[in-house]
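Worksheet for the structure shown next.
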Amino acid sequence: MSSFDYDLFVIGGGSGGVRSARLAASMGKRVAIAEEYRFGGTCVIRGCVPKKLFVYASQFHEHFEDAAGFGWTVGESRFDWKKLIAAKDQEIARLEGLYRKGLNNAGAELIESRAELTGPNSVRLLATGREVTAERIVIAVGGSANGHQSLPGHEFCITSNEAFHLDELPRSIVIAGGGYIAVEFANIFHGLGVDTTLIYRGKEILSRFDQDVRRGLHQAMEAKGIRILCTDVIEEVTKTAAGGLSLRTLQNGMLSADTVMLALGRDPYTKGLGLETAGVAVNDRGAIIVDAYSRTNVPSIFALGDVTDRVQLTPVAIHEAMCFIETEYKNNPTSPDHDLIATAVFSQPEIGTVGLTEEEAARRFAEIEVYKAEFRPMKATLSGRAEKTIMKLIVNSGDRKVIGVHILGHEAGEMAQLLGITLKAGCTKDDFDRTMAVHPTASEELVTMYSPSYRIRNGERI
Ligand code: NDP
């Protein structure tokens, strides 16, 4: 028995923290996990899960409209924001309960307190002032929304945190940013009937995605009635006498809205954590620097998930936690694999993607083949909705491997998950070609694009 109070102390009860605490405790380790807010972390409490519930809620008005083309007459429909919030809160409370139960059943000690490092093996619990020691410490405190402190009037703006708890649904909203959260929430608010404007500093939304799906989504959002202002930023936000907000922008003059939401990225939540006291090194963004096994420069302290700013995604944090357990408690050194991570943007239509964009692939390989299909989804034929699905395969001509797939359309996220397996397995275009189609589906297009739409050789389209 070691002289420490615990074998493992985890700071942060989110995806990465809970997984590492639960697995270690189930192996018989003496584990405590401290959480200052609610168990479940960003993903469950104010991220992926409530967001997806909001996405579902926001899709119904299009479903009601589409129903007519299939013979349905739908009566008058009304949306009640407070009902949605209450139902969402109930579901989140249920999930939080499951997280707690999982930890309890595994034998971990749950501590409802902020915890701060006081040394390489010690932590202070702020709720009681008690100091505890542990052989190993995992920091999994996640990130926090960038509140853009340098923006005059930032205090009048909300972030995604507040978007989940607004008392009233605003009549109008301006959302700043062009990443996952901005795009997803622009579609959510628009779908719920809010007059929505998105303002983004770059030339095209979703800067890290493939050009065709970026452009395709931009057009689809505008066609729905979402205003998108690119190459522009908010310079100042002020409150009006009527209680609304007035925005001064660089390019588009003055705008007004009930609510302004900032979706400008998330920063590692390391401030005040005692990292300096314990001697843990951070980078210039405040992210904890770790090695290939999630170990910090202090050998007894590890860090997982968003706080390390590697890839800010829930499954990545969970994967990093499992690798930590393999390495530290199962004598099986395992380094997290961050290559070929499939991801989805729950915009409307959705984006699903894995691997290299056309632009990245063209830079990396001497010659690539691009297979591209654009078509009207079958449902739209009767619904009459003007929408299109885009599918793109990027193939390295050298070894025929499929190195990128990009989809804009219904269920693109579901497709991305399965395509992730094929790319991870190193499937070639020939493997795709000899795969029988599932008919009638949209995804059959992925295995029936026989000739390349074009090639890019040494950067030149041919
Ligand atoms: P993103 O990094 O996706 O997007 C941030 C956006 O803000 C970018 O468009 C960026 O522009 C812009 N931006 C940053 N700083 C400024 C500034 N000072 N002024 C103007 N614009 C600025 O972050 P999000 O906040 O959308 O999401 C945080 C993370 O959460 C994501 O990275 C993602 O990993 C995760 N997430 C995942 C989801 C999913 O899997 N579906 C859903 C939601 C979040 P530019 O592109 O030019 O840098």
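Positions are given from 1 along the sequence. All heavy atoms count here, side chains included; hydrogens, waters and symmetry mates do not. All ligand and atom numbering here is 1-based and tracks the order in the structure.
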Of [options], which has the heavy atom at the shortest distance from [atom]?
| atom | options | value |
| --- | --- | --- |
| atom 6 (C) of ligand 1 | Pro315, Ala182, Ala263 | Ala263 |
| atom 8 (C) of ligand 1 | Gly265, Cys48, Gly179, Ser160 | Gly179 |
| atom 1 (P) of ligand 1 | Lys52, Glu184, Arg208, Glu350 | Arg208 |

- Item | Spacing of CD belonging to Gln219 relative to CG belonging to Leu408, to within rounding of 0.5 Å | 9.5 Å

- Item | CD1-CG distance between Ile139 and Leu275, expressed to the nearest 0.5 angstrom |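 It is 5.0 Å, given to the nearest 0.5 Å.
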
Which of the atoms of ligand 1 are close to [X], meaning less than 4.0 Å from one of its heavy atoms?
| X | result |
| --- | --- |
| Ser207 | 45 (P), 46 (O) |
| Lys51 | 41 (N), 42 (C) |
| Arg266 | 28 (C) |

- Query: Would Tyr99 and Phe39 count as a ring-ring contact (aromatic ring centres under 6.0 Å, His included) if you check the C-alpha gap in whole Å, the side-chain angles of each, and the deciding distance to 0.1 Å?
  - Reply: CA-CA 7 Å; Tyr99 269 68; Phe39 281 91; 8.7 Å; no

- Message: Using a 3.5 Å cut-off on N or O atoms only, is Phe346 in polar contact with ligand 1?
- Response: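 Phe346 vs ligand 1: no N/O contact under 3.5 Å.
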
- Task: Compute the shortest N/O to N/O distance between Ile181 and ligand 1 and return yes if it is under 3.5 Å, no if not.
- Result: yes

- Item | Ala344 heavy atom under 4.0 Å from ligand 1 |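 Flag set, Ala344 near ligand 1.
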
- Step by step, would you call Thr159 with Glu162 a side chain to side chain donor-acceptor pair (under 3.5 Å)? CA-CA 6 Å; Thr159 66; Glu162 294 77 29; 3.0 Å; yes

How far is [atom] from the closest protein heavy atom, and which atom is that?
| atom | result |
| --- | --- |
| atom 39 (C) of ligand 1 | Tyr180 CD2, 3.3 Å |
| atom 9 (O) of ligand 1 | Gly178 N, 2.9 Å |
| atom 20 (C) of ligand 1 | Arg201 CD, 3.6 Å |
| atom 7 (O) of ligand 1 | Leu264 CA, 3.3 Å |
| atom 45 (P) of ligand 1 | Tyr200 OH, 3.4 Å |

- Query: Do side-chain atoms of Ser453 reach the backbone of Lys372 as a donor and acceptor pair under 3.5 angstrom?
  - Reply: yes

- Query: Is a side-chain N or O of Ser113 found less than 3.5 angstrom from the main chain of Leu126, in a donor-acceptor match?
  - Reply: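 Pair found, side chain donor or acceptor close to backbone of Leu126.
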
- Message: The criterion is side-chain contact (heavy atoms from CB on, under 4.5 Å); which residues satisfy it with Ser207, sequence neighbours excluded?
- Response: Tyr200, Arg214

- When the ring planes of Phe64 and Phe60 are compared, do they come out parallel, tilted or perpendicular, using 30° and 60° as the limits? tilted

- Query: What class does the angle between the rings of Phe54 and Phe164 fall in, given that below 30° is parallel, 30 to 60° is tilted and above 60° is perpendicular?
  - Reply: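 Plane angle between 30° and 60°, so tilted.
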
- Item | Which residues share a ring-ring contact (aromatic ring centres under 6.0 Å, His included) with Tyr180, sequence neighbours left out |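 Partners of Tyr180 by the ring-ring contact (aromatic ring centres under 6.0 Å, His included) criterion, ordered by chain and then number, come out as Phe209.
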
- Task: Record the part of Gln312 in heavy-atom contact with ligand 1 below 4.0 Å; permitted values are side chain, backbone, both and neither.
- Result: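 Both backbone and side chain of Gln312 come within 4.0 Å of ligand 1.
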
- Message: One residue to check: Leu313. Relative to ligand 1, which of side chain, backbone, both or neither has a non-hydrogen atom less than 4.0 Å away?
- Response: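 For Leu313, only side-chain atoms sit under 4.0 Å from ligand 1.
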
